[in-house]
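Fair warning: this is a prediction, and the values are worked out from it, not measured in the lab.
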Amino acid sequence: MLDFLGNLKRTHYCGELRAEHEGDHATIMGWVARRRDLGNLLFLDIRDRTGIVQVVFNKETQPAAHAKAEQARSEFVVAVEGKVLRRQKANPELASGEVELVAAKLHILNNAKTPPFPIEDEINAAEETRLRFRYLDLRRPKPHRNLALRHKIILEIRKVMDEMGFLEVETPMLTRSTPEGARDYLVPSRIHHGQFYALPQSPQIFKQILMIAGLDKYFQIVKCFRDEDLRADRQPEFTQLDLEMSFPCQEDIFHVIEQVMVRACAVAGIKAEAPFPHMLYQDVIRKYGSDKPDMRFGMELHDVTHCFPIEAKEKLQIDGNIFALAASGAAGYSRKQLDDLTEKAKSLGARGVYFGKVEGKEVTSTLGKLIGGRNTIELAGQSGAKVGDLVVAVSAKEQIKGTEAAALIAGQLRLQLGEALGVIDKSQWKFLWLTGFPLFEWSQSDKTWVSAQHPFTGIVDEDLEKLESAPWEVRSKGYDLVLNGNELGSGSIRIHRQDIQERLFKALGLSEEQLRRRFGFFLDALTYGTPPHGGIALGIDRVVMLLAGEKSIREVIAFAKTTAAQDLMADSPSSVDKDQLNQLGIAIAPGKS
């Protein structure tokens with residue numbers, strides 16, 4: 001027979017009981033985490049959000065409570081009234097381990113089926129099972145800690161933004177479809193048949209309009225939606241810190257975000273120091289082979305094209321530059337390990353991978369006969385290789401307009417080798433600002449130049465004249481913030497003049513009719529005195545993931561979706577009644593249901 005809660009009040013949380021509470025009468029409420037029956041003494045570990053406390057039931061002194069405790073099982077919901085006493089032997093693994101609650105009365109408020117996995121910090125259950133039973137998974141201490149950290153970080157961000165004079169303004173969830181680089185989630189209108197709202201990929205246009213409206217400093221902790229392929233650090237719906245400022249230079253925005261990150265890191269017990277270093281996009285690609293470089297270890301890339309004579313390049317069918325790195329202490333790599341590296345590089349688009357081992361004063365390499373002994377030694381020297389290192393040089397099968405294809409491949413190998421060799425210092429927190437991005441990037445599928453970021457990104461003033469004639473040379477006023485090899489956020493100084501915005505749209509191949517249909521209201525707004533403005537969006541999920549020491553953002557989101565964009569707990573997405581579709585004037589195409 002289950003008990004009613006009635007007027008019973010909780011006096012203490014389980015994990016907050018301490019030695020100073022000795023002698024207090026306490027009422028706790030929570031779930032049975034563990035049960036141990038020793039005959040006359042029966043122990044229940046009771047868990048709530050704050051932690052666990054041991055409760056003891058004595059058959060001789062409190063027979064009724066003991067008898068009732070015999071009915072309790074794992075995950076039953078209970079309330080216990082009793083007295084806090086010191087334990088004879090403290091449990092250092094529990095925050096409440098110096099005390100226990102000697103039960104006088106037990107209330108069983110609800111029973112529970114046996115869970116599909118143990119409610120413990122570390123479990124071996126498959127992620128799909130955990131997501132299907134998310135309400136049980138979230139009972140574990142680790143998700144509690146992650147969600148508490150997320151709350152504290154967001155609260156601190158709001159404090160910082162308020163202190164710096166920003167106003168939080170909500171923007172619409174139901175808006176119109178605009179091209180921002182990913183597919184929109186569309187919402188059909190019941191009132192306006194055949195027309196659709198779009199869920200925002202970002203509040204981009206609205207935050208720019210807030211600057212036109214004179215709000216001066218805006219921010220928002222906002223949900224965004226993108227219908228794109230997922231991975232460990234991507235979800236169809238995600239949360240970002242979105243902000244915009246009027247009359248800023250890049251350094252103003254950098255200063256704001258640096259204050260945000262320093263304070264957010266402090267919440268997690270991590271010390272970050274501002275200002276963060278800056279690098280140009282072109283330099284970072286050539287040095288690290290990535291636009292989100294992990295700078296917690298060396299093994300930097302070097303252009304070694306000059307070490308390959310023309311005849312060697314012809315024989316090896318090399319087109320473009322060759323980049324190399326020195327893998328620390330990897331001269332002893334086996335043939336299989338080298339073959340695995342080669343296969344990885346080939347899968348990334350490498351034409352060839354060339355190795356050299358620095359052993360004593362010699363450099364042994366299969367390249368020796370092709371490029372000559374002097375060039376082989378020069379190759380090792382240019383790569384910064386020391387005795388015991390492995391030189392890894394890469395050429396690309398196809399060149400990518402506007403960037404270094406071989407460097408991008410070598411950058412992936414650098415990360416793999418850094419992890420495998422254990423040279424990444426996981427105790428460091430390395431922030432970096434990237435600037436000097438190209439405005440356009442080459443689309444291999446469309447065989448044309450497309451926006452590298454979004455079409456509202458500002459253009460470096462002296463490059464405006466190249467917009468139509470040499471778009472590949474045009475630099476943007478965009479910037480990214482990177483932490484330990486992860487992109488945290490992206491932003492830019494915006495285009496605030498209508499004439500330049502229209503020129504950019506036309507450079508992207510948008511017709512006048514397309515411009516008016518997609519951006520008419522925004523282009524009109526630009527004609528009413530738009531101030532220079534800029535901003536950035538910071539990925540909250542990714543920030544919390546990194547500061548919590550997790551590898552997936554699903555670990556810091558309460559109700560996450562799978563890599564197939566499904567909510568297994570709520571069984572979403574799902575089919576809907578035909579009547580609902582009829583009201584919307586929608587029919588499901590054959591084979592699409």
Cation-aromatic face contact Arg140/Phe117, 6.0 Å, 45 degrees: no
Donor-acceptor contact present, side-chain Thr27 to main-chain Arg10, <3.5 Å: no
Residue pairs, two or more places apart or on separate chains, that pass ring pair (Phe, Tyr, Trp, His ring centres under 6.0 Å) and touch residues 5-42: His12-His21
Under 3.5 Å donor-acceptor, Asp121 side chain and Lys142 backbone: yes
Under-4.0 Å salt bridge between Arg263 and Glu156: yes
Flag, side chain of Glu100 to backbone of Val56, donor-acceptor distance under 3.5 Å: no
Glu170 CD: over 12 foreign heavy atoms closer than 6.0 Å: no
Neighbour count above 12 (heavy atom, 6.0 Å) for Arg139 CZ: yes
For Lys426, all residues meeting salt bridge (charged side-chain N to carboxylate O under 4.0 Å, His left out), sequence neighbours excluded: Glu419
Side chain to side chain donor-acceptor pair (under 3.5 Å), paired with Glu244, selected from Lys217, Gln208, Arg494: Arg494
Main-chain N/O of Gln580 paired with Asp577 side-chain donor or acceptor, under 3.5 Å: no
Residues Asp425, Gln428; criterion side-chain hydrogen bond (donor to acceptor under 3.5 Å, both in side chains); working and verdict: CA-CA 6 Å; Asp425 185 350; Gln428 292 191 52; 3.0 Å; yes
Validation row: Phe206, Thr175 side chains within 4.5 angstrom (heavy atoms): yes
From CA spacing to verdict: side-chain hydrogen bond (donor to acceptor under 3.5 Å, both in side chains), Gln240, Asp242: CA-CA 6 Å; Gln240 65 185 35; Asp242 198 60; 3.2 Å; yes
Salt bridge flag under 4.0 Å for residues Lys159 and Asp162: no
Aromatic plane relationship, Phe133 with Tyr135 - under 30° parallel, 30 to 60° tilted, over 60° perpendicular: perpendicular
CG-CZ distance between Leu538 and Phe219, expressed to the nearest 0.5 angstrom: 13.0 Å
Lys/Arg N to Asp/Glu carboxylate O, Arg130 vs Glu555, below 4.0 Å: yes
Glu128 CD: over 12 foreign heavy atoms closer than 6.0 Å: no
Ring centers of Phe254, His278 separated by less than 6.0 Å: yes
Flag if over 12 foreign heavy atoms under 6.0 Å of NZ, Lys223: yes
Side-chain donor/acceptor of Arg226 to backbone N/O of Glu237, under 3.5 Å: no
Arg158 bridged to Glu168 by N-O distance under 4.0 Å: yes
Step-by-step side-chain hydrogen bond (donor to acceptor under 3.5 Å, both in side chains) determination, Asn146 to Glu550: CA-CA 9 Å; Asn146 286 345; Glu550 298 288 357; 3.0 Å; yes
NE2/His255: more than 12 non-hydrogen atoms of other groups inside 6.0 Å: no
Distance, nearest 0.5 Å, that separates SG of Cys14 from CD1 of Ile52: 8.5 Å
Arg150/Asp541 salt bridge by N-O under 4.0 Å criterion: yes
Any donor-acceptor pair under 3.5 Å from Tyr479 side chain to Ser492 backbone: yes
NZ/NE/NH1/NH2 to OD/OE distance under 4.0 Å, Asp37 and Lys59: no
Met245 vs Phe166 side-chain heavy atoms within contact, under 4.5 Å: yes
Backbone N/O of Leu584 and side chain of Arg190: donor-acceptor pair under 3.5 Å: no
Carboxylate-amine/guanidinium contact Lys68 Asp3, below 4.0 Å: yes
Other residues, nucleotides, ligands: >12 heavy atoms within 6.0 Å of Arg176 CZ: yes
Smallest separation among heavy atoms of Asn582 and His193, with atom names: O-CE1, 4.3 Å
Residue pair Gln220, Thr171: steps toward the side-chain hydrogen bond (donor to acceptor under 3.5 Å, both in side chains) verdict: CA-CA 8 Å; Gln220 187 179 186; Thr171 53; 3.1 Å; yes
Student check: side-chain heavy atoms of His107 and Val78 closer than 4.5 Å: no
Check: Arg554 side chain, Lys551 main-chain N or O, donor-acceptor pair, under 3.5 Å: no
Backbone N/O of Gln204 and side chain of Ser202: donor-acceptor pair under 3.5 Å: yes
Pairing of Arg36 and Asp45 as salt bridge, 4.0 angstrom limit: yes
Any side-chain heavy-atom pair of Glu98 and Arg86 under 4.5 Å: yes
Neighbour count >12 (heavy atoms, 6.0 Å) for atom CZ, Arg49: no
Glu93 atom CD, neighbour heavy-atom count above 12 within 6.0 Å: no
